[in-house]
Amino acid sequence: MKLPYAEPYKIKMVEPIRVSTREDREQWIRDAKYNLFMLKSDQVFIDLLTDSGTGAMSDRQWSAMMLGDESYAGASSYFNMKSAIKDILGFDYFLPTHQGRAAENVLFSTIVKKGDIIPGNSHFDTTKGHIEYRQAYAPDCTIDAAADTQLEIPFKGEMDLNKLEKILKETPKEKIPCVVLTVTNNTAGGQPVSMKNIRETSELCRKYGITLLLDSARFAENAYFIKTREEGYADKSIKEIVREMYSYADVMTMSSKKDAIVNMGGFVAFKSEELWRKCQMFCIMNEGYITYGGMSGRDMNALAQGLDEGTEFDTLDARIRQVAYLGSKLDEYGIPYQRPAGGHAIFVDAKQILTNVPKEQFIAQTLGIELYLEAGIRGVEIGAILADRDPDTRENRYPRLELLRLAIPRRTYTNNHMDVVAAALANVKERAASINKGFVITHELPVMRHFTVELERAK
Ligand SMILES: *Cc1c(COP(=O)(O)O)cnc(C)c1O
């Protein structure tokens, strides 16, 4: 008999989570003004709000923390991080930062000016925020296929090279400080980019003399998909694939809270010594001295170790199998989600489940609240609340898709937890016909309202 799959680790430390009653949860979510961000974490049973900084560190990472060197300048932890970045990613220069958006801030403060154009494949929100805040533009060049939730193709996060070349051709070179290729493509549902597409994007950038930035939060998951889906890579190790990916890039920004499996940390890495030198000023001003940049020594040590573990096939295989497992359970119950299952999350198609809730009453948010009430599971709305108001008309913007994102933290939950998530969603789906009211906003901030918005039940 072929033996079933099992995770390549055992559990040394456990953290209790609290089971609650529906009555408790009704009270708590009302107190939280129906905003899942405002729940206390102990009011949540299974927390799928994000996979950012929520993974479980290994025994080696914890022991590396004990060896952290907290010297202000030239700490050994910095040099550990430097070796990991050189050996695994192939970059000679880097600056530590407190997280991914800080890496963007350091880099973009140096290279982006008003009126610039930075094309990319579905820029991540903070990336786009840092570009638009500088009155520059972030045109989206993602392939059109990414918008079709039911289409199953292996690399659904790719850059459309025709769209990109059109911009590179029509724009003066000085106005394009870089092109951003995000791997995996978070905004398109954790969908990967093939090596071929990375190489061709790089060739196009070289042809026009433009810097290529890899926004790298989930670069290792991307390498896993290249290994398992792209012809010619099955026999290569993840680390070989990663080295090839970065052979095509000039700069990378990294949120280490994702694939380096730490709770906090990031960096920006450079091939060019000159650009590294230029960026030092903003690192010192905003983050810290160039050998710690907002991170403590122990965190740099854990990050160095995490980069190594995070680029091992077995670690990635366990993780991505778990995301796929949740997808397969949802298939059993006929629950529609963005296909195929991505690297870090499942995006449930709320519009197809809650067909009786009007879009003005926030469909995906309503599904998120129903799932919380059902079983204490916390996801996050990717719908009209997140889409915010039009900056000119101040009208609500209604995106084509109303999604409930269920992000899976690394090495944190078991497949039994995934079974509960799928069954709870199935229960919500079963009573979906009777759910015909959503929520209305009672308080919101002018930007990024989703974090603090307050709601009440629609009458
Ligand atoms: C999370 C993320 C960021 C921002 O990183 P933080 O560590 O959250 O600041 C940037 N880009 C992508 C693709 C991300 O997933």
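First listed ligand is number 1; within each ligand, the first listed atom is number 1.
- For ligand 1, the polar-atom distance check finds an N/O of D215 within less than 3.5 Å of one of the ligand's N/O atoms.
- Electrostatic pairing of E402 and K359 does not count as a salt bridge here, judged by no charged N lying under 4.0 Å from a carboxylate O.
- Considering backbone and side-chain N/O of K257, none are found under 3.5 Å from N/O of ligand 1.
- The R101 neighbourhood of ligand 1 comprises atoms 4 (C), 5 (O), 6 (P), 8 (O), 9 (O), with distances under 4.0 Å to a heavy atom of that residue.
- For ligand 1, the polar-atom distance check finds no N/O of T126 at less than 3.5 Å from any of the ligand's N/O atoms.
- For the pair Y34/M38, no side-chain contact is recorded, criterion being any heavy-atom separation below 4.5 Å from C-beta on.
- Counted within 6.0 Å of CE on M285, heavy atoms from surrounding residues, nucleotides or ligands total more than 12; the atom is thus considered enclosed.
- Numbered from 1 in the order shown, with element, the atoms of ligand 1 that lie under 4.0 Å from a heavy atom of T182 read 13 (C).
- Within the model, atoms CD1 of I118 and CD1 of I111 stand 6.5 Å from one another, a figure rounded to the nearest 0.5 Å.
- Less than 4.0 angstrom separates some heavy atom of G100 from each of these atoms of ligand 1: 5 (O), 6 (P), 7 (O), 9 (O).
- A heavy-atom distance below 4.5 Å is not found between the side chains of F225 and V193.
- Here is the list of ligand 1 atoms found below 4.0 Å of a heavy atom in E104: 10 (C), 11 (N).
- A salt bridge links D308 with K239: the closest approach of a Lys/Arg side-chain nitrogen to an acidic carboxylate oxygen falls below 4.0 angstrom.
- When each atom of ligand 1 is checked for a heavy atom of R218 under 4.0 Å away, the hits are 15 (O).
- Judged by the 6.0 Å distance and 45° axis criteria, R206 is not positioned over the aromatic ring of Y208.
- Here is the list of ligand 1 atoms found below 4.0 Å of a heavy atom in A217: 12 (C), 14 (C), 15 (O).
- In this structure, the protein non-hydrogen atom closest to atom 12 (C) of ligand 1 is F124 CG, 3.5 Å.
- In terms of N/O distances under 3.5 Å, ligand 1 is not approached by A102.
- In this structure, the side chains of E221 and R319 come closer than 4.5 Å at one or more pairs of heavy atoms.
- Scanning the protein heavy atoms around atom 1 (C) of ligand 1, the nearest turns out to be K258 NZ, 1.5 Å.
- Between the side chains of D349 and Q352, a donor-acceptor pair is found at a separation under 3.5 Å.
- Scanning the protein for heavy atoms near atom 7 (O) of ligand 1, the closest one is S255 OG, 2.6 Å.
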